[in-house]
Amino acid sequence: MKNTKIIDLLSSTEVDRIVNIKGWVRTKRGNKNVAFIAVNDGSTIHTIQAVVELANFSEENLKGVTTGACVSITGTLVKSQGQGQSVEILLKELEVLGAADETFALQKKGHTLEFLREIAHLRPRTNTFGAVLRIRHAMSFAVHKYFNDKGFFNLHTPIITGSDAEGAGEMFRVTTLDLKNPPKNQDGSIDFKKDFFGKETNLTVSGQLEGELGALGLGLIYTFGPTFRAENSNTPRHLAEFWMIEPEMAFYDFNDNMDLAEDFLKYLIRYALENCKDDLEFLNSMYDKELLTRLQSVVDCSFERLTYTAAVDVLLSSGKKFEFKVEWGTDLQKEHENYLVEHFKKPVILIDYPKHIKAFYMKQNEDGKTVRAMDILFPWIGELIGGSQREDNYDKLLARVKEMNIHEESLWWYLETRKYGTCPHSGFGMGFERLMLFVTGMTNIRDVIPFPRTPMNAEF
RNA sequence: UCCUUCUUAGCUCAGCUGGUUAGAGCACAUGACUGUUAAUCAUGGGGUCCUUGGUUCGAGCCCAAGAGAGGGAGCCA
């Protein structure tokens, strides 16, 4: 018999019919006369209860029904006699598809997130990871829906890249050379002309530069793909492999860019509130009692927009003693960002940063000192989005490239877009897992991705 | 990478000032219970006290080094 998803049965009013469910046993309880088996199949955080009348069904047949076992249960869907659920299944046939003996690591209670990270192969079977992973799917889907509805095209930028243009930290080398005996040049250096692509290649740290190429032809594009950073970052907010969303828009100026980013974030959070209610309520009750009200408050507020210079003034006049000195021209530290978000009690969009602390491609302001960059700061998470209007003037861009000692020749294709048919355009990047942290209330980024990649950890 | 805390049963944790046989809850096994909601109650089995070395008559406890994990910081998204 074809199985029905538990989420559909729990909301069904069509009772007194034979149904089949397949899923994993969460708990079995009962007495001499009756046993109850709670089964979850991942379609929802809730379990459905199968009722076993022991007068008709020998207890011996329930031996294999242990916490974690995979079962197929056929029976009559009936109105529940007990409290706590509207329907239940009166068991007729039971098959244990996969036993789970007493060595099974997941018990009925008492697991820390740290322990679950060590058994990442089993954690999708827990309530917490079921909830997080369903929300992750919903957020991923909502990203595509949002941009599709607005007329954006999803552009697949390369994962293997031949340029280290952004200089965004350490990259993962991609090579097919024999590491024990690589081909050498006369001077002893490695001869990358013999490598697979005939040059040095790495995993991408950003799809932005290629994204711009797409936008300067398709108009509105976005990327949503894996991104890699070989930084030795050991924090609850960093991964070596993470997913990033990077929209890039022709004819969008700086303000259009901010408006889009704010609208985008609110759309995603609203989508979660409307479509992931059960899972969010679970996380709200188990991990973070403020989660739902915090999500709602972000949807309802209007983000604070202020310049870097104004932010420095706020910090200087705060009277607060910071560990790192606040000074115009230096990058803001985490404690400064936290202060600003707490001060305004809502997400903050900081704009017009000093040019020397930002990337070469950002549009220069008339003051000659700042660029049209924006960082969107969220409570605890810090920078959720970073973006800018791009420098579209060929001479100014080339001057910046030279000033910052960036390898001009490897960027010839990027520079050419400013030579032929250039136009004002803007874009931003959002770390998908950072969004997930905010939406789920989880506090470690390793718990919002199924199989995290961090320094010294690629087990699963 | 730096600072800091932690590592005791399958899991979560106690463990006194360094002293005889290292405890609890959950899980598991057995039994009880007429519909349970992480069921409850009783009984039982279960230990490389992270590793190595040191101090001591004696180390789970003190010291040193190492490994792993958490938190904070930096780099960033």
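Just so it is clear: chains get the letters A, B, ... in the order the sequence lines come, proteins before strands, and each one is counted from 1.
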- If B:rG71 has a Watson-Crick or G-U wobble mate with both distances under 3.5 Å, name it; if not, just say none. B:rC3
- Query: Under 3.5 Å, is there an N or O donor on one side and an acceptor on the other linking the side chain of A:Ser233 and the base of B:rC76?
  - Reply: no
- Message: Which nucleotide, if any, forms a Watson-Crick or G-U wobble pair with B:rG25, using both distances under 3.5 Å?
- Response: B:rC11
- With C1' as the reference atom in both, quote the distance from B:rC75 to B:rG53 in angstrom, rounded to an integer. 37 Å
- Item | Charged tip of A:Lys266 within 45° of A:Phe303 ring normal and under 6.0 Å | yes
- NA contact type, A:Gln85, heavy-atom cut-off 4.0 Å: base, sugar-phosphate, or nothing? base
- Task: Assign A:Asn444 to base, sugar-phosphate, or nothing according to its heavy-atom contacts below 4.0 angstrom with the strands shown.
- Result: sugar-phosphate
- Query: If you pin A:Thr66 and A:Asn232 to their nearest nucleotides in RNA chain B, which one's is more 5'?
  - Reply: A:Asn232
- Item | Minimum-distance nucleotide (side-chain atoms of A:Gln83 versus B:rG10, B:rU37, B:rU12) | B:rU37
- Note on the structure: Ranking A:Arg117 and A:Lys28 by the position along RNA chain B of their nearest nucleotide, the one closer to 5' is A:Lys28
- Going by modelled atom types, is there a donor-acceptor pair between the base of B:rG74 and the side chain of A:Gln333 at under 3.5 Å? no
- When all nucleic acid strands are considered with a 4.0 Å heavy-atom cut-off, which category describes A:Glu241: base, sugar-phosphate, or nothing? nothing
- Query: When we call it a touch if two heavy atoms are under 4.0 Å apart, what does A:Gly82 touch: a base, just sugar-phosphate, or nothing?
  - Reply: base
- NA contact type, A:Met430, heavy-atom cut-off 4.0 Å: base, sugar-phosphate, or nothing? nothing
- Message: What contact category does A:Gln81 fall into here, base, sugar-phosphate, or nothing, at under 4.0 angstrom with non-hydrogen atoms?
- Response: base
- Message: Return the pairing partner of B:rC49 with a 3.5 Å limit on both distances, Watson-Crick or G-U wobble; otherwise return none.
- Response: none
- Message: Is the ring pair A:Phe460/A:His121 parallel, tilted or perpendicular, if the boundaries are 30 and 60 degrees?
- Response: parallel
- Message: What contact category does A:Ile381 fall into here, base, sugar-phosphate, or nothing, at under 4.0 angstrom with non-hydrogen atoms?
- Response: nothing
- Query: Taking the P atom of each, how far is B:rA27 from B:rC11, in whole Å?
  - Reply: 15 Å
- Query: If we take the P atom in both B:rA59 and B:rC50, what is their distance in whole Å?
  - Reply: 15 Å
- Task: Could you work out the separation of B:rA69 and B:rC76 based on their C1' atoms and round it to a whole Å?
- Result: 23 Å
- Note on the structure: If pairing means Watson-Crick or G-U wobble with both distances under 3.5 Å, then the partner of B:rA42 is B:rU30
- Message: Any base atoms under 4.0 Å from A:Phe115, or only sugar-phosphate, or nothing? Heavy atoms, all strands.
- Response: sugar-phosphate
- Item | Rounded P spacing from B:rG54 to B:rG70 in Å | 32 Å
- For the atom pair OG1 (A:Thr13) and CG (A:Leu77), what is the distance rounded to the nearest 0.5 Å? 9.5 Å
- Grab the two heavy atoms, one from A:Ala261 and one from A:Ile385, that are nearest each other, plus how far apart they are. CB-CD1, 4.2 Å
- Query: Could one point to a donor on the side chain of A:His111 or the base of B:rC11 with an acceptor on the other under 3.5 Å away?
  - Reply: no
- Which of parallel (below 30°), tilted (30 to 60°) and perpendicular (above 60°) describes A:Phe152 and A:Phe147? tilted
- Message: Using atom P in both nucleotides, what's the gap between B:rG18 and B:rA64 to the nearest angstrom?
- Response: 16 Å
- Under 3.5 Å, is there an N or O donor on one side and an acceptor on the other linking the side chain of A:Gln49 and the base of B:rU36? yes
- Chi angles and distances behind the salt bridge (charged side-chain N to carboxylate O under 4.0 Å, His left out) call for A:Lys363, A:Asp253: CA-CA 10 Å; A:Lys363 178 92 184 152; A:Asp253 71 13; over 6 Å; no
